[in-house]
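Structure, as structure tokens:
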2 protein chains.
Amino acid sequence: MLSVIFTLRVAILPYSYPYPHPAVTTDIAVFTLRAQKLQLLLVKRASPPFQGQWALPGGFLNIDEELEDCALRELQEETGVTGVYLEQLYTFGKTDRDPRERVISVTYYALTASDRLKVQAASDAADAAWYPLDDLPPLAFDHSSIVELAHQRLVAKLNYSTIAFQFMPETFTLTELQGVYEILLNEQLDKRNFRKWILGLGQIEETGELKRNGNHRPAREYRVKNPDRVEIIR
Amino acid sequence: MLSVIFTLRVAILPYSYPYPHPAVTTDIAVFTLRAQKLQLLLVKRASPPFQGQWALPGGFLNIDEELEDCALRELQEETGVTGVYLEQLYTFGKTDRDPRERVISVTYYALTASDRLKVQAASDAADAAWYPLDDLPPLAFDHSSIVELAHQRLVAKLNYSTIAFQFMPETFTLTELQGVYEILLNEQLDKRNFRKWILGLGQIEETGELKRNGNHRPAREYRVKNPDRVEIIR
DNA sequence: TGACATTGTGTATTTCGCACACTATGTTAA
DNA sequence: TTAACATAGTGTGCGAAATACACAATGTCA
């Protein structure tokens, strides 16, 4: 009839709290802008559960590894992506979120400029690819909730921080920057008001160069004064 | 000379990831307003490490327990406090944050009205008490960082949510409510502007009663329309 | 019934967000 | 060389919201 096999593993652990411990993972929602769309980095799962389904990059925490290092390592191992802006998002721990065992996932979201990217599936995943956020495949586990929360956080932060600069290449024009905000906010912005506002923040400066891009007037190039910090504004 | 005793415990665990798992705890920063001050709920540790030192209430997650339930349970067990407003804060996981073993702490912060409180040290703690936030004793582990972050979050939320209502008793006067904001923001507010603003939010309503409180004109009583929800405003 | 202590109220000013249209300039092709 | 092109770059006016500011109203208590 039906055989139920229940696997018991014996582990020798140096701890002082003699009760079963949950597994801890990190999962990362990496966003970028490609082809005028907000896109999300996914990996195809190489093994069960959810084998063959798309999921966020992520994996188990090593016992002597910092949480953030784990997120960056998994990202690198599974997708080859490095050098992203990373921020902790939320910790998901529903008892039934993983069929194998109790798993607590500390989730992060990350942003990166599309010109920095070399995505390639690495050892731990069968495949890695960018998907437009408005056209995602079904995701494994509770990863849809993670993505939704990450997207909310990202949009909320546009209004009171310089987080959008994380999507920009080293130099850019004001028109390009405005385009980024328009994609993220999903609405058209007024050119004069946008420029007044963004320059008023005092977070970008002219490079002195002009960017030529077609048979028309070239645009001034700007750079972010503090590209590695996300500043709180207002 | 010096004996180093290294305890190894053998655990039989039904999991599929054959590597050592960290312990997972929750810690909770509970705030209330007492004696015109923002105060924090602390417990005195009954056992090592940091035995006898003050710490946030909290403890180990049961393997089949939801994270939030764990926070509420530990709070109840260690301090007797129940019925608070609870929100996830951040997950702390530095490899060296606990001398015993690797511990990932999912932290929460909580708010409660001072009239709801019956604090008493329960089984798991030697003592429990409120301390003014501006006069805290040294805290165990990395709990100072947790408190600092929780306080930041609380103050930030005052500006764009109705979180301050969580400190109010069932009915209150506008003067009392203004006092709460003044304590939390640590600045004086203009009475007319405050009333215009707070009534404009449409989140409180008159009870119809008057509150007598001395030899002077009584004040109208108000209640929160939705006391269990924290609304995002603006 | 009058002194007291706190409640409750309005207006003027400044600041910020938002709507709105034309001139400037480098490129390219005739 | 010059004129058409395509995008870059710029200022002002209006309404809403935030802020500054002072006195009349009311229940209590002696």
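Per chain, numbering begins at 1; letters A, B, ... match sequence-line order.
The NE2 atom of B/His216 sits 19 Å away from the P atom of C/dA3 (whole-angstrom rounding). Remark: P of C/dG8 and CD of B/Gln178 are 12 Å apart, rounded to the nearest angstrom. Distance, B/Arg234 CZ to C/dC16 P: 13 Å, rounded to whole Å. Straight-line distance from the CG atom of A/Leu189 to the P atom of C/dG17: 14 Å, rounded to whole Å. Rounded to an integer number of Å, the gap from A/Phe194 CZ to D/dA8 P is 13 Å. Rounded to whole angstrom, the span from the CG atom of A/Asp190 across to the P atom of C/dC16 amounts to 18 Å. One atom, CG of B/Leu177, and another, P of C/dT7, lie 13 Å apart when rounded to the nearest Å. Summarising the geometry, the separation between CD on A/Gln188 and C1' on C/dA19 is reported as 15 Å, rounded to the nearest angstrom.
Residue A/Arg195 is classed as a base contact, given a heavy-atom separation below 4.0 Å to a base. When heavy atoms are screened at a 4.0 angstrom cut-off, A/Asn213 is found touching no nucleic acid atom at all. Backbone-only contact: B/Thr175 has heavy atoms under 4.0 Å from sugar-phosphate atoms and none from a base.
Judged purely by atom type and a 3.5 angstrom limit, A/Glu231 has no side-chain atom pairing as donor or acceptor with the backbone of A/Gln203. Under the 3.5 Å distance criterion, the side-chain polar atoms of A/Glu74 are left unmatched by any main-chain donor or acceptor of A/Thr79.
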Stepwise, does the side chain to side chain donor-acceptor pair (under 3.5 Å) test hold for B/Tyr222 with B/Glu205? CA-CA 5 Å; B/Tyr222 288 80; B/Glu205 60 192 2; over 6 Å; no
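Close to D/dG9, at under 4.0 Å from its OP1 or OP2, lies no side-chain N or O of A/Arg192. For the OP1/OP2 pair of C/dG8 and a distance below 4.0 Å, the side-chain nitrogens and oxygens of B/Arg220 include at least one atom meeting the criterion.
With DNA chain D read from its 5' end, the first of the two nearest nucleotides for B/Asn193 and A/Leu210 is the one closest to A/Leu210. When the nearest nucleotides of DNA chain C are assigned to A/Arg212 and A/Trp197 by heavy-atom distance, the more 5′-ward of the two goes with A/Trp197.
Residues A/Thr107 and A/Ile28 form no side-chain contact, since every pair of their non-hydrogen atoms from C-beta on lies 4.5 Å or further apart.
On a pure distance criterion of 3.5 Å, no polar donor-acceptor pair joins the side chain of A/Arg217 and the base of D/dA6. No N or O donor and acceptor, one from the side chain of A/Asn215 and one from the base of C/dA29, sit under 3.5 Å apart. Residue-to-nucleotide contacts include a donor-acceptor pair under 3.5 Å from the side chain of B/Lys196 to the base of C/dT11.
Within 6.0 Å of atom NZ in B/Lys157, more than 12 heavy atoms from other residues, nucleotides or ligands are found, so the atom counts as buried in its surroundings. The number of heavy atoms from other shown groups lying within 6.0 Å of CD (B/Glu182) is above 12. Summarising the local packing, NZ of A/Lys37 is surrounded by 12 or fewer heavy atoms from other residues, nucleotides or ligands at distances under 6.0 Å. Within a 6.0 Å sphere centred on CD of A/Gln36, other residues, nucleotides and ligands contribute 12 heavy atoms or fewer.
Summary for the helix from C/dT1-D/dA30 to C/dA30-D/dT1: the axes at its two ends, each from 5 pairs, differ by 10° when rounded to the nearest 10 degrees.
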